[in-house]
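If you read the sequence from its start, that first residue is 1, and numbering goes on from there.
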Amino acid sequence: MSEQAATAGISAREAEILTLVGEHRSNAEIAAQLFISVRTVETHVSSLLRKLGAPDRRALAGVARAERTSQARAGLPAPLSPFIGRAEERGALRDALRARRAVTAVGPGGVGKTRLALAVAADLAGDFADGVWFVDLVPVTDPAMVGAAVAAAIGVGEQQGRGIDDSVLGALADRRTLLVLDNCEHLSDGVAPFVERLLTRCPSVTVLITSRARLMVPFEWVYLVPPLSLEGRSDAVALFVDRAAAVGWTARPEQLDQVADVCRKLDGVALAIELAAARLPALGLDGLVAGLTDHLRLLVGGYRADDRHRSVRAMLDWSEALLDGPDLTLLSRISVFVSPFTASAAAEVAGFGPLAPGQVVDGLGRLADQSLLSVTASAGGTRYRALETIRQYGTEQLAAAGEADTTSVAHLRWCLATVAELAEQPSGTGDWRAGFDAAVDDLRAALSWAVERSDQRADAHRLALSLAGLAFSRNLVGESQQRYEQAAALADDPAGAAAALRSAANVAACRMRGDDAYRLWQAAAERAGDTAAAARDLATATTTYFRKSGAFAELPPRAEATALLARAHELAGDDPAARASVALADCAALGYAFFAERAEATAAKMTSLAERAVELARGLDDPLAECAALFALAGAQRRAGDTFAAAATAGRRVELLDSVPLTPGVADELIDALLIATATSIGVGDLPAARRWGRQLRDLPVLAEVGHVATSRAIMADAIAGQATDVIAASGRFLDGWTQAGRPAARQFGPVAASVAMIHGLRGDLAAQAEWDAVLDQLGVTPADRAGYSPTFDAIMLLHRGEATPALERLNPRTGEPDAWRNGILLHWHVALRAEAAVLAGSTDATALLAEARPIVAGNPAVGAILDRAAALLDDDQERLLETAAAFETAGCPYQRARTLILAGGDHASTGRATLADLGI
């Protein structure tokens, strides 16, 4: 918070609102984003105007923009020591970034590129409305993971239908942002194409790169970072004096010339100067000068062919000369760690002859004292980390000593032990997440090393498989699929490869990537090794085609899936699991033909096939197989018009999976089970169950980054109940998720958009209602689709406004209009609201419509109460009317309770209106 805001006594909530005012958000938009009422926003805005002395909202937005400048720096790591000098370089690099969109700060290791980049990024924070972000690429060993590192830094997760790189590009597409990519030299093959795509698709993003060498691409502007100045009271001397003071050594005026001499001998390299200053307490200035002179003499005429490392190598060779044998060995061996590591991890990896494990802890302390290692405290204990230039130097020394492979094998063994420990811990805890996050970059590095060596193939397979499972538990679903596929490629036996491919297929299904799941099930069939397993995989590929057709980027020809199913029938034989899978695929094909294509299919045939699939699945004693078969049965029951049976079956699916560990296969089935259970519960008026399951779906970790899928059912359940505040809050996440996914056509989300539009209509916000009606069009919803739900939602709005006759007209089927509502989940609501609209409109058909609706909705508590209310209104029976208010309360439908009280009039109406206000209507 800025000084002005802090002085004015701005609260944390007011600071949030101030930021959104600066983004020109309306009070309604702010309320939706912060999950508070519009009235609360208005109160806070009034308070801000008073506290900040702003005359109007426009002036308040100006204050917010000033506040945002300081907040923009939040994406940068806080410097632990002051930035010294470099005024000229700082200005030149700043000017370059204002004139160019991609600037690479190039210089030798240790010259100070990172610190200069951070200082310039902080200087420019006010120029970038959407902030500056720092991405440390040191731990990244795979060029393909550059986008993942950027995503982690800016807080973007993988979105439905796109990889992590596209998710980042989508998130930054309309942002004015400065992105700092630090230490790129080892990832140029990944950085260059990523930056090119970023600049092409994100026109307001600027990139500052630090590297030892330029990317060699045409869009790059190169800025050469020189060593610190060495003339007069130079920047180099100022840095030395500052860092010496930090370790308790104060330079006297008469010593400054000698300090300048030290800095010249170190070529003005910032890292070398800092390391030299850190040695002063032990050596003193004279000892330091003597050591440097003797050591540098060894390099005269002995420059490396690669000139970039000359100054850093001089400094590192000098540091090495100050170490004894065991510490030299330790420094080189711990270079295999790419992330901060604990002393126990170092002992496991580096503690082999001639270095005993017991010597490792003492050695780490000595290396830290000499600034060769940084030390940080964390929840998991003290961790050590070598600066990247030192780590690379150690890697070279390790190879020169002939210990690179031995140490890498030890590191691989440590990684395998680490994943085994993580696999045994509960994955939902904060400690588990911290442990995984601390180890994951080393796991990736060890895997990258192992896959290149044929003698490590078995361990590489084990590590890839373990990392895939852990990544899934950490909600890194894109990487999880990638690692499962990698494990399959590394497997020596067909069965192991097929098992990994099945897991990959299930993860792809959780990601709503139907194309990948379909491909991977077929690949599993090819590697299965026996005909029964191949039959199961082909049948599951077919089921994926029909059940998840909406999740395909491009659906293959129907004949292809039909051929796969025919082949599965041929291969299944008498194998029980294969027969169950084939039966489920048959159900999926028939259900698709009816629901997607409106093909003729009798309810009896669909039910018979589904019951057979359930029978076969139960014989396997496999909850997952049974749950999948129950999906088919619920569909058949819906086709037969038995909504209550379908709801019970859908609930049974969720119950089956509640006690099963959340593997990728279980997660995929649970997502579907919750989607259907929520929908069918809405249909039968069990709103408490619908809201409970809708929230369970919303809170599934695997859907954390797919907001439109996660919130879709909770929004509908809350809308029917009338919980307007909850609907508006969740609708923001829905819209964000769909936008981040690229706003694809997705007709299945039509009821969600329609229900949000209804809520805005009940609130009288016609502009917002129109916006969500437009979302319906953008989702690709057809008139036939809308016939299943729009009349119901429209009627609720019209009846709320007292427009009974238009509501009745909307609910009566029109000539030529599709009647999909007759099989939709809102059938009960439709017929009950039609009867009530007829009563309120004074229609002569009211009595007949009430009688017609009774048998249809029998057993539905919420909709039954609507009919009872309509009958009480028709009979002008006040006592019975008020009884329905209690029935609505029991059914978990507060909106209809409030509306009943308003219809009752008098003091009851005041209570009803107060209830609506509490609901956000």
Side-chain angles (χ1 to χ4, degrees), residues 68-81 83 86 89-140 143 145-156 164-165 168-169 171-172 175-188 190-199 201-215 217 219-225 270-271 387-389 441:
R68 186 169 58 190
T69 297
S70 63
Q71 292 174 346
R73 296 186 176 92
L76 299 175
L80 301 179
S81 56
F83 183 78
R86 289 201 182 274
E89 298 95 317
R90 196 167 176 171
L93 186 54
R94 199 165 49 227
D95 291 343
L97 283 164
R98 282 174 171 152
R100 317 284 180 184
R101 293 187 56 217
V103 177
T104 303
V106 174
V111 78
K113 301 184 295 295
T114 297
R115 290 300 304 272
L116 178 60
L118 287 172
V120 170
D123 290 344
L124 294 173
D127 293 0
F128 294 89
D130 297 304
V132 294
W133 298 95
F134 179 84
V135 184
D136 181 9
L137 294 175
V138 168
V140 181
M145 300 301 291
V146 170
V150 175
I154 67 176
V156 170
I164 194 67
D165 285 14
V168 171
L169 299 181
L172 296 178
R175 302 298 178 91
R176 181 167 174 75
T177 296
L178 173 62
L179 195 64
V180 182
L181 302 181
D182 192 47
N183 289 297
C184 299
E185 53 272 359
H186 61 303
L187 299 169
S188 58
V191 171
F194 175 84
V195 171
E196 185 169 4
R197 290 195 300 271
L198 183 70
L199 296 175
R201 291 178 52 183
C202 307
S204 296
V205 172
T206 298
V207 184
L208 172 57
I209 299 159
T210 74
S211 179
R212 296 185 185 184
R214 60 170 294 183
L215 297 179
V217 288
F219 55 81
E220 173 189 35
W221 178 269
V222 177
Y223 176 78
L224 297 175
V225 179
L271 181 57
L387 296 172
E388 177 60 13
T389 49
D441 283 321

Under the side chain to side chain contact (heavy atoms under 4.5 Å, CB included) rule, collect the residues that match up with [X], sequence neighbours excluded.
X	value
R176	F128, D130, S204
L224	V106, V222
A119	F83, R90
R197	D165, L169, P193, F194

Once salt bridge (charged side-chain N to carboxylate O under 4.0 Å, His left out) is applied, do any residues pair with [X], and if so which ones, sequence neighbours excluded?
X	answer
R214	E220
R98	D127
D136	R385

Check: Hey, mind stepping through T210 and V225 against side-chain contact (heavy atoms from CB on, under 4.5 Å) and telling me if it holds?
Finding: CA-CA 10 Å; T210 74; V225 179; over 6 Å; no
Rounded distance (nearest 0.5 Å) linking atom [atom1] of [X] with atom [atom2] of [Y]:
X	Y	atom1	atom2	value
L137	E185	CG	CD	9.5 Å
R101	L198	CZ	CG	7.5 Å
L93	W221	CG	CH2	12.0 Å

Shortest non-hydrogen separation from [X] to [Y] and the atoms involved:
X	Y	answer
V103	A96	CG2-O, 3.8 Å
L208	A117	CD2-CB, 3.7 Å
L76	A122	CD1-N, 3.6 Å
V132	A125	CG1-CA, 4.1 Å
V135	A153	CG2-CB, 3.7 Å
V111	A270	O-CB, 3.7 Å

Item checked: Heavy-atom side-chain contact between V150 and L181 under 4.5 Å ->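 Of all side-chain heavy-atom pairs linking L181 with V150, at least one is under 4.5 Å.
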Margin query: Is there a side-chain contact between L97 and Y223 in this structure, where contact means two heavy atoms from C-beta onward sitting under 4.5 Å apart?
Written below: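 No. Closest side-chain heavy atoms not under 4.5 Å.
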Next item on the list: Given side-chain contact (heavy atoms from CB on, under 4.5 Å), test L118 with V180 step by step and report yes or no.
Entry: CA-CA 8 Å; L118 287 172; V180 182; 5.6 Å; no
Among residues at least two apart in sequence or on other chains, which ones pass side-chain hydrogen bond (donor to acceptor under 3.5 Å, both in side chains) with [X]?
X	result
R201	D166
T206	none
E89	R86

Item checked: Verdict with reasoning, W133 to V205, per side-chain contact (heavy atoms from CB on, under 4.5 Å) -> CA-CA 11 Å; W133 298 95; V205 172; over 6 Å; no
Notebook entry, point to check: Do I154 and L172 pass the side-chain contact (heavy atoms from CB on, under 4.5 Å) test, and can you show the C-alpha distance, the side-chain angles, and the key distance before you say yes or no?
Noted result: CA-CA 10 Å; I154 67 176; L172 296 178; 4.1 Å; yes
Next item on the list: Check whether any side-chain N or O of K113 sits under 3.5 Å from a backbone N or O of G107 as a donor-acceptor pair, and report yes or no.
Entry: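 It does hold such a pair.
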